[in-house]
Amino acid sequence: VESGKEEEEVVMTSGDIKRKPDEVTTSNQLVKAEELTKAGAQNLASALSGKVSGLNIRQVSSGVNQDYTITLRGMRSFSANNEALIVIDGVPSNTSLFFALDPDAIENVNVMKGANGAALYGPRGANGVVIVTTKKGGNGSEKGYTINLKTSAEFESVAYLPARQT
C-alpha cells in the first residue's frame, strides 16, 4: 500500500455492486485470492473446502470429468434442487464451469448464505449464492507483463482386464 493511501475492504453483491462490509445486512462470507491460493490447490473445490462455514462441497463423480454439488447450510428439500446458485462475474453459471476455474484467476469468492440470495437473484438464489469475481486485466499502469503458468495432468488407465471365457 502506498503511503497516504488505505485499502478499503469491499463486498461484492449482485450486479457487481461494491459495498462496505458494514452496509451489507445479509449473512455472507468473503474469501480472498490469497486464501484460495495459499495451499496451492489444483482446483476450486479443494481451495474452498474449510474456508466458508456451512459450505458443503460434495464430489458426485470421480475421474477425469469430476462433478460436484454445492450446498449451503444443509439440505432444505427432499425433492427439489438444494444446490447454491453460482454467479461468475455477474452471470449465473453451473458447477462444472465453476470448478474449471483456476484458483489463481479468481479475485474473490463471496458466499451469501440462506434465502437472502433470493431477494437479489430470485428463486434460484433461495438456497444461497456463490458470487465469484475473477481478476481483471491491468489498466496499463503496471510495469511490464507477468505470465504465470501452472499445469496439472491426470491420467486414468485400467489396471488389469479379467480373462475372457471361451
Checklist entry - Are any of the side-chain heavy atoms of Leu55 and Ile57 separated by less than 4.5 Å? => result yes
Checklist entry - Does Asn56 reach the side chain of Ile70, with side-chain heavy atoms less than 4.5 Å apart? => result no
Checklist entry - Side chain of Lys135, backbone of Asn108: donor and acceptor closer than 3.5 Å? => result no
Next on the checklist: Any heavy-atom pair between the side chains of Tyr121 and Ile131 that's under 4.5 Å?
Outcome noted: yes
Checklist outcome for this item: Cluster membership besides Tyr160, Ile/Leu/Val/Met/Phe/Trp/Tyr side chains within less than 4.5 angstrom, sorted by chain and number, is none
Checklist entry - Is there side-chain contact between Leu120 and Met112, with at least one heavy-atom pair below 4.5 Å? => result yes
Item to check | Derivation of the side-chain contact (heavy atoms from CB on, under 4.5 Å) call for Val87 and Val132 | outcome: CA-CA 6 Å; Val87 178; Val132 179; over 6 Å; no
Next on the checklist: Using side-chain heavy atoms (C-beta onward) and a distance below 4.5 Å, is Leu48 in contact with Leu36?
Outcome noted: yes
Checklist entry - Any side-chain heavy atom of Thr95 sitting closer than 4.5 Å to one from Ile86? => result yes
Item to check | Nearest-0.5 Å distance, OG of residue Ser53 to CG of residue Leu72 | outcome: 9.0 Å
Checklist entry - Under the criterion side chain to side chain contact (heavy atoms under 4.5 Å, CB included), which of Val31, Thr133, Leu44, Ile88 is the partner of Ile106? => result Leu44
Checklist entry - Taking all non-hydrogen atoms of both residues, which atom of Ala126 and which atom of Ala118 are closest, and how far apart? => result CA-CB, 3.9 Å
Item to check | Minimum side-chain heavy-atom gap Thr134-Glu107 below 4.5 Å | outcome: no
Checklist entry - Does the Lys113 side chain pair with the main chain of Asn127, one donor and one acceptor, at a distance under 3.5 Å? => result no
Item to check | Note, Arg124 side chain near Val129 side chain (heavy atom, < 4.5 Å) | outcome: no
